Amino acid sequence: MSGFLALLPFWTAAMDFTPTDERRMLADTLGRYLATEYDFEARKRAMAAPDGFSRAAWAGMAELGVVGALFDEAAGGFGGAGFDVGTVFEALGRSIVVEPFLGTLLAGRLLAAGGADGELLASIIDGSTLATAALFEADGRYDAMRVAMRAERSGEDWVLTGTKAVVPMLEAADVVVVSARTGGQGAAEAGISLFAVRRGAPGVEVRGYGLIDGARGGELRLDGARLDASCLVGPEGGAAPLIEAALAAGVVALSYEALGAMGAARDATLDYLRTRVQFGAPIGKSQVLQHRMATVEIEIEQARSAAINAAASLDGDRHTRERAVSAAKYTIGRVGTLVAEEAIQMHGGIGMTWELPLSHYAKRIVMIDHQLGDEDYHLQRYIDLGQRGSPAITPQDLAS
Amino acid sequence: MSGFLALLPFWTAAMDFTPTDERRMLADTLGRYLATEYDFEARKRAMAAPDGFSRAAWAGMAELGVVGALFDEAAGGFGGAGFDVGTVFEALGRSIVVEPFLGTLLAGRLLAAGGADGELLASIIDGSTLATAALFEADGRYDAMRVAMRAERSGEDWVLTGTKAVVPMLEAADVVVVSARTGGQGAAEAGISLFAVRRGAPGVEVRGYGLIDGARGGELRLDGARLDASCLVGPEGGAAPLIEAALAAGVVALSYEALGAMGAARDATLDYLRTRVQFGAPIGKSQVLQHRMATVEIEIEQARSAAINAAASLDGDRHTRERAVSAAKYTIGRVGTLVAEEAIQMHGGIGMTWELPLSHYAKRIVMIDHQLGDEDYHLQRYIDLGQRGSPAITPQDLAS
Amino acid sequence: MEIGFTPAEEAFRDEVRAFLREKLPPRTAAKVLGSKRLTRDDLAEWHALLNARGWLAVGWPADQGGPGWTVMQGFIFDLECALAGAPRVIPFGVKMLGPVLMKYGTEAQKSHYLPRILDGTDWWCQGYSEPGAGSDLASLKTAAVRDGDHYVVNGQKTWTTLAQYADHIFCLVRTDASVKKQEGISFLLIDMRTPGVEVRPIVTLDGEHEVNEVFFTDVRVPVGNLVGPENAGWTVAKYLLTHERTNIAGIGESMQALNWLRRIASRETSNGRSLDRDPLFAARLARVEIDLENMKTTNLRVLATAQRGGAPGAESSMLKIRGTEIRQELTSLTRRALGPYAQPFTPEALDDGFNGEPVGPPDAAPVAAEYFNNRKLSIYGGSNEVQRGIVAKALLRL
Amino acid sequence: MEIGFTPAEEAFRDEVRAFLREKLPPRTAAKVLGSKRLTRDDLAEWHALLNARGWLAVGWPADQGGPGWTVMQGFIFDLECALAGAPRVIPFGVKMLGPVLMKYGTEAQKSHYLPRILDGTDWWCQGYSEPGAGSDLASLKTAAVRDGDHYVVNGQKTWTTLAQYADHIFCLVRTDASVKKQEGISFLLIDMRTPGVEVRPIVTLDGEHEVNEVFFTDVRVPVGNLVGPENAGWTVAKYLLTHERTNIAGIGESMQALNWLRRIASRETSNGRSLDRDPLFAARLARVEIDLENMKTTNLRVLATAQRGGAPGAESSMLKIRGTEIRQELTSLTRRALGPYAQPFTPEALDDGFNGEPVGPPDAAPVAAEYFNNRKLSIYGGSNEVQRGIVAKALLRL
């Protein structure tokens with residue numbers, strides 16, 4: 001790891017990028033756990049397990065407090081800030097962990113924001129209940145506000161109909177937080193509600209499948225699924241702000257996961273460049289590869305800055321937060337593709353083999369661009385947010 | 001010059017890229033003339049002349065038939081095809097000639113298409129009358145259909161009011177072909193008419209200025225300028241197709257001019273890389289610069305192919321022609337910026353000096369992107385043309 | 001002025017199309033156009049159909065069984081095949097070993113092997129790369145030691161494409177370790193059914209098995225299988241590497257990929273409209289489309305030179321670099337176009353006889369895998385870094 | 001969690017702003033913000049105003065006349081100055097020679113020169129590059145031969161920024177041609193009013209006169225003007241080159257350039273709407289804006305390290321590369337934004353006292369010229385190629 005990365009991983013206080021002691025401890029603990037319990041072979045075993053992840057590792061990390069770090073005290077956790085989420089996900093990215101963290105983060109934050117009961121949240125945080133979030137649909141692409149799933153009242157109950165696309169770790173989930181329209185249409189923010197759907201409820205159909213990055217996902221079909229009134233999460237028709245905030249945390253998570261994975265891919269590539277000999281010299285002596293790796297390094301640092309900006313914005317006002325979030329995901333998408341493609345190219349054929357961890361890092365990095373909105377989606381969103389009335393940058397802007 | 005460029009400069013018949021004998025002769029004649037009469041010092045003198053170009057060189061080239069090559073026989077010329085225009089302008093680009101060819105090409109083709117009298121065209125072709133075209137306005141940016149200048153009938157006459165922007169070589173022009181609205185508004189194609197405005201007519205105000213690439217341009221203000229009926233060129237209100245066709249020829253001209261200038265800049269850079277010694281070796285031994293020059297070379301060849309496609313399309317159907325024209329100008333814009341910036345960068349400081357021809361080539365190449373529509377304008381236009389109903393590529397498409 | 005083929009070339013193209021309509025098995029074409037997996041039988045069948053028509057050995061002289069086509073005809077043929085969804089002819093026998101044998105083989109080798117290449121009796125693969133010898137091929141270590149009438153071969157080859165289908169392999173082997181590395185190499189034909197030959201699959205990042213490692217342990221090869229003089233293998237190898245370059249830019253494949261991409265982009269929606277009307281995506285699509293239009297003409301210009309006898313040298317490197325960049329960009333955009341549905345990985349959907357319900361859009365299954373698989377395009381056949389070096393040195397004289 | 005400065009730093013920033021509001025001459029600020037030409041007097045005036053406030057010699061120790069600021073204060077000061085339109089302090093005396101003299105100068109040199117740098121009595125320029133010694137600076141040939149109490153200097157320097165305003169130049173000269181090239185170089189102070197010194201302008205492609213050639217013909221320089229030991233000039237030069245890097249990314253300048261670009265893009269129209277709503281242009285604008293946002297944070301991270309005592313080394317190269325790329329992209333977009341009006345070249349509009357009618361939009365005149373002028377950013381101060389090499393070697397250990 002370069003000195004630059006090691007020195008300045010976080011922005012945790014005004015002008016002070018060193019992590020707090022708590023976060024440093026969390027990072028150390030998780031890093032140690034993953035190094036000993038979750039090497040590349042263990043990851044393969046986790047992928048081959050019935051659920052597509054390791055129940056033991058999940059329980060182990062929950063016990064270490066890794067899940068709790070994703071939530072604030074009000075939700076029963078002991079973290080929940082952007083940099084807490086970042087600390088966890090960067091470590092996960094470094095080991096390309098396939099455990100169900102993203103779904104847990106999204107569902108847990110939605111449930112907490114929606115005032116779900118503490119018992120459910122506690123069981124999510126202690127690892128005994130698995131939760132995920134189903135917020136996207138085939139026709140909505142990356143827009144979580146384009147919800148076609150309908151929820152209609154039937155007496156005291158709700159009846160839900162529609163399909164959710166590529167839900168992370170759907171099969172194993174005990175609870176799925178789904179978005180559905182109780183009003184409005186198209187991509188209107190008004191009229192979207194959230195529901196907690198229990199595993200195996202009638203009218204709930206799950207189709208699971210593997211993902212190219214090694215994790216699992218699924219299609220969730222609700223065909224007149226009947227839920228009682230207690231399943232409504234948050235205000236009826238007013239869930240859009242909750243969803244936006246949860247997705248902001250999700251983007252921070254994915255951005256840091258990408259940073260972890262990009263760092264590992266970069267380090268593997270540097271090692272290869274230093275040791276692989278062709279024409280009598282390490283290929284890292286090639287000036288062309290040196291300059292391209294310099295660009296890779298600069299871009300990764302820019303991506304880290306983007307992730308820092310997004311993490312720092314999580315508790316800020318909506319406009320600042322959403323601009324920073326879209327800027328980060330755009331940057332991560334753009335840089336991730338570059339890093340993954342350059343890492344494979346510089347490895348040559350060996351970089352394309354299933355056997356080498358590098359190829360799996362590359363796949364994960366590229367697939368992060370396909371979760372919660374890609375480079376183009378977030379660039380356009382950044383533009384649209386700006387045109388809804390952002391002032392030109394002022395001297396004050398730097399400190400905001 | 002690389003062998004590749006030398007071998008395949010034109011596409012002049014089915015699958016045969018060698019130039020016709022006539023064009024080869026034209027290229028040779030013009031090339032010889034420019035080499036002896038229009039070196040870099042002569043160009044400086046031309047720029048310093050009162051008109052901003054060399055009357056003697058202009059007359060000399062007209063006498064050689066260079067102007068006539070831009071027009072077909074019906075117009076009194078002896079060429080006029082896309083590859084004729086290309087032959088002339090590539091040679092002009094190689095010597096960054098500042099003579100009034102672009103305005104002449106545009107105005108001449110508009111006049112010919114509009115059925116102007118043969119005497120005027122003959123005097124343009126023999127070099128005795130200077131013509132230019134004023135088709136763009138400040139608020140229209142690169143869209144020649146966004147015409148705000150009004151032409152209103154007053155008895156038998158027309159009265160024109162409005163301003164035209166950055167008209168090439170305006171001050172010296174004896175005749176300016178201007179577009180004005182006799183109907184319609186905004187960017188509507190219907191309602192645009194052409195008029196031939198004579199130098200010094202009442203209500204005609206000219207403000208000339210130098211351009212950063214060494215040529216001259218000007219603002220044309222018509223303040224109730226009164227023209228007699230004979231000044232109308234082509235159908236009243238129906239000039240849009242004439243303008244589009246003339247601009248297509250203009251884009252072919254600029255594309256080939258850019259190819260000539262890019263070739264010269266590339267050659268100068270290769271020479272510099274071969275001869276400039278730093279750290280005991282020619283800087284061209286740097287692998288990084290080698291790879292970047294390889295990219296430059298590949299891009300220039302792609303740009304030449306784009307220009308060939310546009311030149312070949314000039315006589316074809318409108319849709320094919322306009323797609324090829326926008327594809328070419330987009331490509332030339334993109335590649336031109338790359339070539340100009342890389343040429344300067346690889347030269348280092350010396351590449352930024354006024355003294356070195358290279359810097360003037362770079363300026364001309366970049367400024368070509370600011371004439372008749374830039375990279376972004378033509379990419380968007382290419383997209384819009386496609387969405388107006390282009391079929392998907394079929395096997396037949398390659399031969400079309 | 002019209003851009004296009006000559007009337008004779010147009011007529012030829014019609015002939016190719018008619019043949020493809022009549023003979024190309026629709027089941028095979030559907031697999032190719034849908035990026036499904038081909039079986040060994042699919043490939044062998046197409047090989048036989050081409051051979052029956054006399055169109056298999058495109059680069060061979062007419063008197064050796066080649067069709068006697070011009071360079072341009074070869075290009076048109078490749079193009080039409082790609083657009084129609086014909087499988088690529090496995091090149092190792094027909095395009096590589098055949099010309100080598102014609103130039104360097106003994107009469108016995110020619111009369112034995114050439115007919116068997118054409119009729120498909122022998123299925124060849126190529127034993128060049130080794131774990132320590134990739135771009136730096138001359139560093140290869142697989143040793144062939146003379147022992148009476150045989151060479152005894154020990155060592156390992158890698159990245160051996162479709163070795164799992166092959167029964168023969170042509171190899172570069174080291175026959176003299178005491179001289180400069182290029183000078184001790186020989187070109188040897190090995191029957192893979194000989195004891196001591198072992199093929200182990202390499203699974204690539206997309207989960208596919210296309211390449212292999214081939215191990216040689218005391219493999220006895222008759223000295224009659226040596227092609228060219230002993231220790232002259234580098235010359236033979238160089239001849240082979242410069243041969244057969246008409247389709248290096250992969251224009252047909254890229255046109256096919258563009259069709260696929262366009263279909264997906266016109267169907268996928270973004271912000272309530274079709275993706276090809278999304279400003280950023282439309283711009284990406286237009287850029288690569290224009291680049292491909294330009295590339296077609298660039299390729300035709302190179303071919304026109306070759307047609308007139310100018311041998312394309314470093315120009316091939318330009319075509320290879322830009323052609324592979326375009327193909328990679330096309331599969332990259334197709335991956336982007338699918339949005340979230342680029343993630344599902346259902347390799348079983350690519351097999352013969354799969355009739356499950358697809359995940360997401362009907363044509364999504366191969367897309368992301370193909371994107372990752374196509375990273376190989378800029379690596380193999382001389383990496384794009386190697387090709388840029390060739391352009392700089394040979395064309396630009398740097 | 002909030003990104004921002006500490007309360008003390010906020011207070012400092014307010015102090016800087018108050019000073020700028022009060023003291024920065026509005027006429028000068030208007031020129032800077034409008035990319036007009038500054039006169040020598042404009043520069044000298046600002047120099048004096050800063051000196052009067054004690055804020056001129058930012059990098060100097062407090063006991064030598066520096067303000068005693070932290071790294072972060074220096075950054076805030078540079079940023080606020082750029083945003084307010086203050087001219088950059090000419091660095092050759094204050095930022096370069098000053099620290100060199102403090103480290104290597106004799107007591108006599110320090111007591112003579114340092115006060116004169118501060119009060120503006122001496123105006124320094126830098127004599128490093130030569131026609132044959134650019135990136136390869138150690139190849140310099142300008143010779144200084146000892147003759148009694150003097151060196152006799154013969155040779156030529158080039159790219160000497162603002163030599164036309166200067167009366168002193170510090171030079172690297174060759175004092176021993178018989179040893180390894182880095183070992184025979186000395187650091188020499190030369191009064192430009194000495195006979196034999198000639199300054200000739202170099203006009204750059206934008207028509208501006210900013211750099212010069214400086215010729216030395218038998219120029220006699222007292223040996224007391226040698227800084228550091230004879231033949232130790234390379235060490236002195238390296239010290240100077242690594243000094244003063246807080247503002248290498250040019251964040252303030254880029255923010256200023258972004259403001260300018262936004263103003264133009266919101267006013268220019270394309271297809272009947274403002275240019276910043278044109279999809280392709282809006283995307284270009286957003287990309288560079290995001291890149292700059294990221295760069296701000298990257299820069300602050302490096303400064304935070306420096307603040308804690310970690311000396312930024314290769315990180316400076318990263319800031320230089322990306323910072324200049326962003327600045328170049330911003331001027332490139334501003335040029336694009338003007339459309340056809342990027343072409344007119346009216347250098348007279350950049351001078352004091354011009355009150356003609358502008359051609360095209362009011363702020364168009366400097367834009368294209370500045371785009372071309374800013375090509376220098378990736379060339380000077382160690383080209384971006386040199387910087388990438390440093391990153392690869394020092395940071396990535398390749």
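Quick caveat, the model's predicted, so the values are computed rather than measured.
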- [ ] Applying side chain to side chain contact (heavy atoms under 4.5 Å, CB included), run through D:Thr204 and B:Trp354 and close with a yes or a no.
- [x] CA-CA 5 Å; D:Thr204 42; B:Trp354 189 275; over 6 Å; no
Using a cut-off of under 4.5 Å for heavy-atom pairs, which of [options] has the most such pairs with chain D?
| options | value |
| --- | --- |
| B:Val288, B:Ile344, B:Val366, B:Asp213 | B:Val366 |
| B:Tyr377, B:Tyr209, B:Phe136 | B:Tyr209 |
| B:Lys363, B:His360, B:Met367 | B:Lys363 |
| B:Gln345, B:Met145, B:Arg146 | B:Gln345 |

Task: Shortest non-hydrogen separation from B:Ala362 to D:Phe372 and the atoms involved - done: O-CE2, 4.2 Å
TODO: Give the minimum heavy-atom separation between B:Arg141 and D:Thr269, together with the two atoms involved.
DONE: CD-O, 3.3 Å
Among [options], residue most engaged with chain B (heavy-atom pairs, under 4.5 Å):
| options | result |
| --- | --- |
| D:Arg335, D:Gln328, D:Lys181 | D:Arg335 |
| D:Thr346, D:Asn271, D:Asp278 | D:Asn271 |
| D:Arg388, D:Glu268, D:Lys376, D:Glu385 | D:Glu385 |
| D:Ser270, D:Ala337, D:Ala138, D:Pro279 | D:Ala337 |
| D:Val203, D:Asn373, D:Val211 | D:Val203 |
| D:Tyr380, D:Phe281, D:Tyr371 | D:Tyr371 |

Task: Verdict with reasoning, D:Arg200 to B:Glu355, per salt bridge (Lys or Arg N to Asp or Glu O under 4.0 Å) - done: CA-CA 13 Å; D:Arg200 292 185 204 159; B:Glu355 192 190 348; over 6 Å; no
Open item on the list: Are the side chains of D:Ile202 and B:Met352 in contact, using a 4.5 Å heavy-atom criterion?
Closed with: no
Open item on the list: Please report the interatomic distance CD(B:Gln380) to CG(D:Leu280), rounded to the nearest 0.5 Å.
Closed with: 5.0 Å
Under 4.5 Å from any heavy atom of chain B, what part of [X] do you find: side chain, backbone, both or neither?
| X | result |
| --- | --- |
| D:Pro347 | neither |
| D:Ser139 | neither |
| D:Ala369 | both |
| D:Leu338 | backbone |

Task: Under-4.0 Å salt bridge between B:Glu342 and D:Arg375 - done: no
- [ ] Take atom CD of D:Glu183 as the centre, draw a 6.0 Å sphere, and report whether it contains more than 12 heavy atoms from other residues, nucleotides or ligands.
- [x] yes
TODO: Assess whether atom CG of B:Asp223 is packed by more than 12 heavy atoms of other residues, nucleotides or ligands within 6.0 Å.
DONE: no
At a 4.5 Å cut-off on heavy atoms, which part of [X] comes close to chain D: side chain, backbone, both, or neither?
| X | answer |
| --- | --- |
| B:Ala165 | both |
| B:Arg276 | side chain |
| B:Glu219 | side chain |
| B:Arg292 | side chain |
| B:Ile350 | both |

So does [Y] get a backbone contact from the side chain of [X], meaning a donor-acceptor N/O pair under 3.5 Å?
| X | Y | value |
| --- | --- | --- |
| B:Ser359 | D:Leu205 | no |
| D:Gln343 | B:Leu211 | no |
| D:Asp136 | B:Gln278 | no |
| B:His370 | D:Pro340 | no |

